[in-house]
Structure formats: C-alpha cells, structure tokens
2 protein chains.
Amino acid sequence: MELLDETDLKILRILQNDAKKTTKDIAKQLHLTASPVYERIRRLEKKGYIKHYVAILDKKMLNRPVTAICMVSLRYHNEGFIDTFEQQIKELVEVQECYHMAGKVDFFLKIHLEGLEEYHEFVRSKLSKIHNIGVLESYFVLKEVHNTTAIDF
Amino acid sequence: MELLDETDLKILRILQNDAKKTTKDIAKQLHLTASPVYERIRRLEKKGYIKHYVAILDKKMLNRPVTAICMVSLRYHNEGFIDTFEQQIKELVEVQECYHMAGKVDFFLKIHLEGLEEYHEFVRSKLSKIHNIGVLESYFVLKEVHNTTAIDF
DNA sequence: TTCCATAGAAGAATATTTTCCTGTTAAACG
DNA sequence: CGTTTAACAGGAAAATATTCTTCTATGGAA
C-alpha cells in the first residue's frame with residue numbers, strides 16, 4: 001500500500017476540521033478541480049483513513065453540562081475479568097470514552113451527565129453494580145480549556 | 001427560546017452518528033419530507049445545538065498510535081498563572097484535549113504522538129518548558145475500549 | 001530518441017441533493 | 001366558528017456530487 005502524498009494530507013486536515021466543506025471549495029483551496037479531490041476523498045474513506053463523519057453537538061444545550069472523569073482499578077486482573085468489565089462499561093450510555101491504561105490505574109472513563117446528583121446516582125446504581133472494581137476515583141471538569149477531535153500530523 | 005421536540009432530538013441523534021446522511025434519508029426515516037428536516041437542521045445549527053461537522057480520522061493509520069493522558073498540578077494557583085498555563089497548553093499541537101479539573105489534580109491532558117520516544121521528547125522540550133508545573137503524572141492507553149463523540153440524551 | 005504504460009488531472013455530462021418558495025393542513029386561541 | 005400560527009408537503013431552481021472520457025506528464029524499455 002502506497003503512502004499518502006501531501007495533497008491527501010491537506011484534504012484530511014481540512015475535513016477533520018470541517019466535514020461540510022465541498023469538494024469544490026477544497027479543490028479551489030488546493031488549486032485542483034473537483035474530480036481529483038473527489039476521488040482522493042473516496043479513496044481515503046475506502047482505505048480507512050477517514051473512519052466516519054459526525055456532527056459535534058453542544059453538550060450544555062442538550063442538558064449534559066457535567067463531565068466527569070473516572071479512574072478505575074480492578075481488584076482482579078485475569079483476562080476474563082478484564083473482558084467482562086469492558087463489556088459492561090460499553091453498555092453504559094453515559095460513558096463516552098473508556099481506555100484501558102498502563103500504570104497503577106486500569107481504566108479511564110469520560111462521562112457526561114445532567115448534574116452531580118445524576119453522577120451520584122450513576123455511580124450508585126450502575127458503576128458499583130459492576131463487580132471487581134477495586135478503586136474508583138472521580139474528577140469533575142471545571143472548564144474545557146481545549147477540546148478537538150482533530151489530530152496533528 | 002422554545003425547547004426541542006422529539007423530532008429535533010431524533011435528527012440530532014442521527015447526525016452525531018453520521019453527518020453525511022442526507023436530509024432525504026433522514027426524512028424517510030422520520031416519515032417526513034425533506035423540507036421540514038432541512039429547516040430543522042438549519043435551525044439547530046443556527047441556535048448552536050450543532051457546533052460543527054468533522055471527519056474522524058484513524059490515528060494509527062496517520063502514524064499517531066500512542067495516546068497519553070497527563071495529569072498536571074500547578075505549583076501556584078493565582079488566576080494569572082492558570083490563564084498563562086492554559087494559553088501555553090493551547091499552543092501545543094500534540095494536545096487534543098485539556099480540562100481544568102476539580103480536585104487535587106488541576107489539569108487533564110490527552111495527547112497523541114508517534115511513539116514513546118516522541119512522548120519523552122514532548123515532555124522534555126515542551127511541557128517542562130512551561131513553568132509553574134508542580135506534579136506531572138503520565139499514563140498510556142493500552143486499548144481504546146470505547147470512544148465516541150456522541151452523547152446520550 | 002521513440003514508443004508504450006501508468007497515474008493523476010481536467011472537463012463534460014448526469015444524477016442527487018440542497019435550498020427556497022408556495023400552498024395546505026392542523027392545532028391553538030379568542 | 002373564524003383567525004392565527006406553526007409545521008409540513010410538494011415542486012422548481014441552483015448547487016453539488018458522481019461518473020466517465022479525454023488529456024498530459026512521467027518514467028521506463030526497446
């Protein structure tokens with residue numbers, strides 16, 4: 001599989017910041033016509049460089065102003081236990097992200113909720129229902145200093 | 001400002017999972033014609049429920065396979081120091097997310113890099129150049145268990 | 001050099017979608 | 001009941017996406 005050239009990279013940089021930009025506009029920006037840009041985008045989608053397109057919504061306007069970050073350590077670390085934990089986490093709709101970590105903490109969770117009461121209820125009725133959790137530390141976001149889905153390359 | 005009805009919410013749920021779905025398809029799914037769907041989307045954009053549209057790229061294919069999470073505590077917590085720190089963090093292209101937290105840790109950073117050597121170099125030549133950092137703890141993602149930009153509502 | 005072969009890219013033609021406008025229906029309210 | 005308003009349907013025009021054919025530059029191989 002051949003690598004991407006600079007034009008491909010430029011297209012990706014544009015699309016990860018504004019997926020609604022038309023191929024025509026991108027073409028103009030890159031001093032090309034629509035056809036090659038269109039074909040490149042299709043190729044980038046097909047090869048998997050572009051995974052999908054999403055709308056980014058305003059959490060606060062949708063009544064999910066509270067972001068919590070949870071650090072979880074398991075009590076037992078057998079493979080089965082880990083898989084079970086991951087499976088159960090994936091079923092919690094409040095959890096937007098979950099990472100298995102290297103270090104003394106096993107998992108990071110990012111959680112969006114209506115308020116602190118709902119967080120309390122979430123921990124009480126959902127998280128604590130998952131067995132095998134050893135340590136659970138909670139942090140709350142005071143301010144989103146910076147938050148983007150774009151990566152630098 | 002009047003609230004969103006169930007149709008608006010359905011549209012938002014669709015778009016935050018697939019921004020490329022046409023108004024026509026959405027209309028079909030909701031048993032409407034394209035016009036009202038189109039008008040609702042425009043209104044949702046204008047009112048700010050939809051912030052923007054982005055392409056989600058594959059980090060690994062773009063040679064950024066390593067995700068690090070950094071927990072930073074400042075030495076001094078005057079307003080000026082915090083603002084300065086936030087400003088400097090925003091200039092680091094490797095940092096995708098930065099949150100000011102409540103608790104013993106002041107900031108969470110999510111960082112995407114080529115490899116562990118690059119992380120070392122990032123800390124050495126960029127992070128440590130920022131004054132006022134008291135404690136710096138690093139964690140690495142072993143596995144993305146779950147990661148979405150969509151929120152549940 | 002000359003002759004393919006190949007890989008973009010341009011340009012044109014077509015299919016879809018977006019966008020806007022008008023008329024209609026239905027619920028809301030006096 | 002009549003009036004008003006909001007939401008919707010339908011359709012036309014404009015813009016865009018998509019496909020296809022042709023052109024051009026580049027790089028071997030003879």
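Below, all heavy atoms of this structure are taken into account, side chains as well, without hydrogens, waters or symmetry copies.
- Rounding to whole angstrom units, CG of residue A:Asp5 and C1' of C:dG8 are separated by 10 Å.
- Nucleotide D:dA6 holds its P atom 15 Å from the CG atom of B:Asp8, rounded to whole Å.
- At whole-Å resolution of the value, NE2 in B:His31 and C1' in D:dG10 are 19 Å apart.
- Looking at residues 10-17 of chain B, you'll see that no heavy atom sits under 4.0 Å from any atom of DNA chain D.
- Residue A:Ala150 comes nearest to A:Asn17 through the heavy atom pair CB-OD1, 3.9 Å, listed as atom of the first residue, atom of the second, then distance.
- Nucleotide D:dT18 holds its C1' atom 13 Å from the NZ atom of B:Lys20, rounded to whole Å.
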Pair up each side-chain donor or acceptor in residues 78-93 of chain B with any protein partner under 3.5 Å, not counting sequence neighbours, and list the distances.
| unit_1 | atom_1 | unit_2 | atom_2 | d |
| --- | --- | --- | --- | --- |
| B:Thr84 | OG1 | B:Gly80 | O | 2.8 |
| B:Glu86 | OE1 | A:Lys143 | NZ | 2.5 |

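- The side chain of B:Arg40 places no N or O atom within less than 4.0 Å of a non-bridging phosphate oxygen (OP1 or OP2) of D:dA7.
- Between A:Asp152 and A:Arg13 there is no salt bridge, since no side-chain nitrogen of the basic residue lies less than 4.0 Å from a carboxylate oxygen of the acidic one.
- Contact record, A:Lys60 with A:Asp58: N-OD1, 2.9 Å, taken as the closest heavy-atom pair.
- Taking every side-chain heavy atom of B:Pro36 into account, D:dA9 is the closest of C:dA9, D:dA9, C:dC20.
- Of all non-hydrogen atoms in A:Ile133 and A:Leu127, the two that sit nearest each other are CD1-O, 3.6 Å.
- With no hydrogens or angles considered, a side-chain donor-acceptor pair links A:Glu137 and A:Tyr139 at under 3.5 Å.
- Here C:dT19 presents its C1' atom at 8 Å from CZ of B:Arg42, a figure rounded to the nearest Å.
- At most 12 heavy atoms of other shown residues, nucleotides or ligands fall within 6.0 angstrom of atom NZ in A:Lys24.
- Between B:Arg40 and B:Glu45 there is no salt bridge, since no side-chain N of the basic residue sits under 4.0 Å from a carboxylate O of the acidic one.
- A sub-4.0 Å separation between OP1 or OP2 of D:dT18 and a side-chain N or O of A:Tyr38 is present.
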Protein-to-nucleotide contact annotation, 5' to 3' order, nucleotides 11-16 of chain C [B base; S sugar-phosphate only; - none; under 4.0 Å, heavy atom]: BB----
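- Computed from coordinates, the B:Leu44 CG to D:dA7 P distance equals 12 Å when rounded to whole Å.
- Taking atom CZ on A:Arg43 and atom C1' on D:dT19, their separation rounds to 18 Å, with Å as the unit.
- More than 12 heavy atoms of other residues, nucleotides or ligands shown are found within 6.0 angstrom of NE2 on B:His77.
- Put simply, CG on A:Leu30 is 15 Å from C1' on C:dA10, counting in whole angstrom units.
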